[in-house]
Amino acid sequence: VTRQDAERLDAADPLAAFRERFVLPVGVIYLDGNSLGALPRETARRVAEVVNAEWGQDLIKSWNLHGWIDLPRRVGAKIARLVGAEPNEVLVADSTSVNLFKLLAGALRLQKGRPVILSEANNFPTDLYIAQGLIELLGGGYELRTVPRDQVLEALDARVAVLMLTQVDYRSGALWDLAAVTERAHAVGALVLWDLAHSAGALPVDLNGAGADLAVGCGYKYLNGGPGAPAFLYAARRLQEKLRTPLSGWLGHAAPFAFEPEYRPGAGIDRFLCGTPPILSLAALECGVDLTLQADLTLVRKKSLALGELFLDCVQGAVPEFALASPVDPNQRGSQVSLRHPEGYAIVQALIARGVIGDFRAPDVLRFGFAPLYTRYVDVWEAVTILAEIMATRAWDQPEYRVRRTVT
Ligand SMILES: *Cc1c(COP(=O)(O)O)cnc(C)c1O
């Protein structure tokens, strides 16, 4: 594969114009949009406007005047279009971890008599930790059962209250068939709680089409909402009135400004609000979501797969010593390709020093994410060329690249 091949692909890319809509540092090849999405140009302008005009000048009037109070629903309704849901089925609130807690607790309450939360042993740790904390809070009687990926479906039985899975595995990028798994879980009476952290904005998701029950997802990954952007949650319309959240905060009350002493859950999805939403972060997230809504997710998926294939072709040609940590079949991958190498951590640090930003996931995984709205084919080509240089010169083999930082 030559640089010209990559340039030809960029020239024919129907999504190429989106790159201009982002601020991207010069001299950096950013392959970590799956961890923190890039900054849309519009975001800086919009956040400054919210700060200066809305907060600075209109102060508390802005809750009504500028619709701050409706932002969690408004941005939720926009995200709903990206994940195949109705506008009143998605809400922006809290973090992914907190939303997992709220929905998992709600689901267990609905599924009385079923003691098992089933998940995958390799699921993202926060998902497992939240389930563990909830079970402890409930005082026993429940069990988190984790099994290897290839045993999840056979572990479904009448004791399972909720099957909790991440659609795209954070480490390998392996993709679950959302509709097929949901159907299998429903066949034994289990609910499914999907974590869409690495799906939303990266590939078409059809929650309603799959008959999905519950889902959560991140605002700061492929939705480009900014560091610590609030997360979203989805609850199917048919379940909403039956679900209760243990985080019964005042903004999830049926009448927050009636200041009643007793909690009454708000209508529908509104009950999953807890406290006052972070308006500055929501304004930033809305910019990222608006930008994503302008793209055709079918084209996004197509480009994502093509970027992944180009990456693998380059790797196989230039650095065959890396083992593939992702599924070989592109249709079984999300928008990332992961490689495996015993010196993975140091190699990733050496790449970052050369301006190629991917990340490392313990124990030995080098993760490269492709954000089709701003990643070019030529970026992928160049990243692998630099990786090959680092391997050939052993540039990674330096003590400073072995120092583990807090965030990997
Ligand atoms: C990134 C990620 C999260 C992050 O949760 P936060 O509460 O936003 O920190 C959760 N689950 C998965 C699968 C993730 O990849």
Side-chain angles (χ1 to χ4, degrees), residues 31-38 72 75-76 79 83 90-105 117-134 144 146 149 152 162-176 178 181 192-203 205 207 212 214-234 245 247 272 274-275 277-278 281-282 284-285 288-289 304 325-326 333-338 358-362 365 367-371 406-408:
L31 301 180
D32 214 0
N34 52 323
S35 217
L36 174 63
V75 182
I79 293 173
V83 295
V90 178
L91 185 75
V92 174
D94 306 310
S95 62
T96 304
S97 302
V98 172
N99 289 335
L100 275 163
F101 180 82
K102 294 186 290 191
L103 290 182
L104 206 48
I117 299 171
L118 177 65
S119 194
E120 206 185 323
N122 278 332
N123 199 351
F124 190 76
T126 208
D127 301 52
L128 303 178
Y129 300 162
I130 289 289
Q132 290 160 13
L134 175 62
L144 171 63
T146 56
R149 188 177 180 85
V152 167
V162 192
L163 170 61
M164 179 179 73
L165 290 176
T166 299
Q167 193 196 8
V168 176
D169 185 271
Y170 76 104
R171 221 189 252 113
S172 69
L175 177 71
W176 281 109
L178 197 136
V181 173
V192 188
L193 171 45
W194 287 103
D195 188 330
L196 305 177
H198 293 276
S199 318
L203 47 117
V205 175
L207 289 170
L214 304 165
V216 297
C218 270
Y220 51 81
K221 292 172 179 167
Y222 293 102
L223 296 180
N224 305 307
F232 67 89
L233 64 86
Y234 156 92
T245 166
L247 298 185
F272 287 103
C274 183
S281 298
L282 265 160
L285 173 60
V289 171
S304 152
S326 298
R333 292 198 298 261
S335 200
Q336 70 183 66
V337 172
S338 300
D359 63 21
F360 172 79
R361 286 294 175 263
V365 171
R367 193 169 69 151
F368 300 94
F370 310 113
T406 311
V407 176
T408 63

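All residue numbers refer to positions in the sequence shown, counting from 1. Start at 1 and go down the list; that is how both ligands and their atoms are numbered. Computed from a predicted structure; not experimentally measured.
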When you look for heavy atoms under 4.0 Å from ligand 1, do you find them on the side chain of [X], its backbone, both, or neither?
{"X": "Cys218", "answer": "side chain"}
{"X": "Thr96", "answer": "both"}
{"X": "Asp127", "answer": "side chain"}
{"X": "Ser97", "answer": "both"}

[X]: numbered ligand 1 atoms lying under 4.0 Å from its heavy atoms:
{"X": "Ala197", "value": "2 (C), 12 (C), 13 (C), 14 (C), 15 (O)"}
{"X": "Ser95", "value": "7 (O)"}
{"X": "Thr166", "value": "13 (C)"}
{"X": "Tyr220", "value": "1 (C), 4 (C), 5 (O), 6 (P), 8 (O), 9 (O)"}

Problem set entry | Main-chain N/O of Val168 paired to Thr166 side chain as donor or acceptor, under 3.5 Å |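 Side chain of Thr166 to backbone of Val168: no pair is present.
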Exercise. Taking the side chain from Ser335 and the backbone from Phe370, do they hold a donor-acceptor pair closer than 3.5 Å?
Worked result: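 The answer is yes, because a donor-acceptor pair under 3.5 Å joins these two groups.
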Exercise. To the nearest 0.5 Å, what is the distance between CG (Leu203) and NE2 (His198)?
Worked result: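 One gets 11.5 Å once the value is rounded to the nearest 0.5 Å.
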For this session: Have a look at Asn123, Thr126, Leu100, Val216 and point out the one with the heavy atom closest to atom 10 (C) of ligand 1.
Result: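 That would be Thr126.
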[X] and [Y]: which non-hydrogen atoms are nearest, and at how many Å?
{"X": "Asp94", "Y": "Lys102", "value": "OD2-NZ, 2.5 Å"}
{"X": "Trp194", "Y": "Ala212", "value": "CD1-CB, 4.4 Å"}
{"X": "Asp32", "Y": "Gly358", "value": "OD2-O, 3.6 Å"}

For this session: Starting from atom 14 (C) of ligand 1, find the nearest protein heavy-atom neighbour and note its residue, name and distance.
Result: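 I find the closest protein heavy atom is Lys221 NZ, 2.8 Å.
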Problem set entry | Shortest protein heavy-atom distance from atom 11 (N) of ligand 1, along with the residue and atom involved |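 For this ligand atom, the closest protein heavy atom is Asp195 OD2, 2.8 Å.
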Exercise. Heavy atom of Ala231 under 4.0 Å from ligand 1?
Worked result: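 Under 4.0 Å: no for Ala231.
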Exercise. Of the options Leu214, Asn99, Leu193, Thr245, which is the one that meets Leu233 in a side chain to side chain contact (heavy atoms under 4.5 Å, CB included)?
Worked result: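 Among Leu214, Asn99, Leu193, Thr245, the one that satisfies the side chain to side chain contact (heavy atoms under 4.5 Å, CB included) with Leu233 is Asn99.
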For this session: Assess Lys221 against Phe124: is NZ or CZ under 6.0 Å from the centre of the six-membered ring, and within 45 degrees of the ring's axis?
Result: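 Judged by the rule (NZ or CZ under 6.0 Å from the ring centre, within 45° of its axis), Lys221 counts as positioned above Phe124.
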